[in-house]
Amino acid sequence: MALIDGKHVSAAVLEDLKAKVASLRDTHGITPGLAVVIVGDDPASQVYVRNKVKRATEIGMLSEKHELPADASQEEVLALVEKLNNDKRVHGILVQSPPPPQINERAVIETILPSKDVDCFHPVNVGKLLIGDEDGFVPCTPQGIMTLLAHYHIETAGKHAVVIGRSNIVGKPMGVLLSRKSTRANCTVTMCHSRTRDIPSLCRLADILVVAIGRAHFVTADMVKEGAVVIDVGMNRIEDSSKKSGYRLAGDVDFEHVSQKASYITPVPGGVGPMTIAMLLTNALKACCLAHNVAV
Ligand code: GUN
């Protein structure tokens, strides 16, 4: 079994981005700007947002966090997004999901200018993704997974990929990317979800198994074919009184046992998670370059 080290690969991506941000500044006097919006005080979202802003700043981007209270109105959120749409220093806008229940997330996403939609959640960008239009964005988590597969030279063409989960953030775009007509993809994709009959049997057919279901240790060793590539997108918080924070992170895969059958596997933490931020910043740089019509 080989470990897929997302920390290592993301560090290399961030180093490359840092050099490109410096070159943009030196050559064109441009600094890419990323605005991150968080509504409410969900502890996990707070951590993710803090990390996104921190990493963006570390690679030399202009990064600002906008916090709105948990009882913010739809109008307040939309007004903030519109202000950021009109701010020339801001090239990328991200509104952390999920927002509190009074917020209509679809309406918020559709208010973000597609050219600043670095999450690739706007219907225009989702459509571009589906038809393979290169000037849109690619959603961060699925793109992080594709980058890991490429980095480890994992053969995908003709392989059977099984994706567990059909969310707009991970499962659906993952299926689109894996089935693309490209040397780095060309998989046959099966998508499993809550209504799928006999998920274990389908999983056992997978050469590449991507698990994004949000249930700790859902995939057990008996569900995995010998030699399969296993990608774990799970970030489940499990109570653990021995930890200072009071919890530990667990993936959707029973790593201890599945790792004995897999050819490659991502750990949690340190697998897919760090890649997501690296891809977000890749998209922010792309948004900046497109806005200024420059290349790096
Ligand atoms: N919540 C969990 N993952 C994501 C993400 O990639 N983007 C946003 N905006 N919210 C998230």
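Model, not experiment: these values are computed from the prediction. Note that ligands are numbered from 1 as they come in the structure, with each ligand's atoms numbered from 1 the same way.
- Close to ligand 1: V95, with a non-hydrogen atom less than 4.0 angstrom away.
- Under a hydrophobic clustering in which Ile, Leu, Val, Met, Phe, Trp and Tyr are joined whenever their side-chain heavy atoms come within less than 4.5 Å, directly or via other members, V118 and I59 fall into the same cluster.
- Close approach of ligand 1 to L94 (heavy-atom distance below 4.0 Å) involves ligand atoms 9 (N).
- V229 and L209 are not part of a single hydrophobic cluster, where members link through side-chain heavy atoms under 4.5 Å apart.
- Of all atoms in ligand 1, numbered sequentially from 1 with element shown, those under 4.0 Å from a heavy atom of D119 are 5 (C), 6 (O), 7 (N), 8 (C), 9 (N).
- Contact annotation: for S97 versus ligand 1, heavy atoms closer than 4.0 Å belong to both the backbone and the side chain.
- No continuous path of hydrophobic side-chain contacts links Y264 to V268 [ILVMFWY only; heavy atoms under 4.5 Å].
- In terms of heavy atoms, A35 sits closest to V90 at CB-CG1, 3.8 Å.
- Close N/O approach between T141 and ligand 1 is not found [any backbone or side-chain N/O within under 3.5 Å].
- Residue F121 has at least one heavy-atom neighbour below 4.0 Å for each of these atoms of ligand 1: 7 (N), 8 (C), 9 (N).
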For this session: Please assess R106 against I109 for the test side-chain contact (heavy atoms from CB on, under 4.5 Å), listing each intermediate value before the final yes or no.
Result: CA-CA 5 Å; R106 284 244 59 84; I109 288 169; 4.1 Å; yes

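- Scanning all protein heavy atoms for the shortest distance to atom 11 (C) of ligand 1 gives Q96 NE2, 3.4 Å.
- Atom 3 (N) of ligand 1 has as its closest protein heavy atom I169 CD1, 4.3 Å.
- Residues V219 and L3 are members of one and the same hydrophobic cluster, defined by side-chain heavy-atom contacts under 4.5 angstrom among Ile, Leu, Val, Met, Phe, Trp and Tyr.
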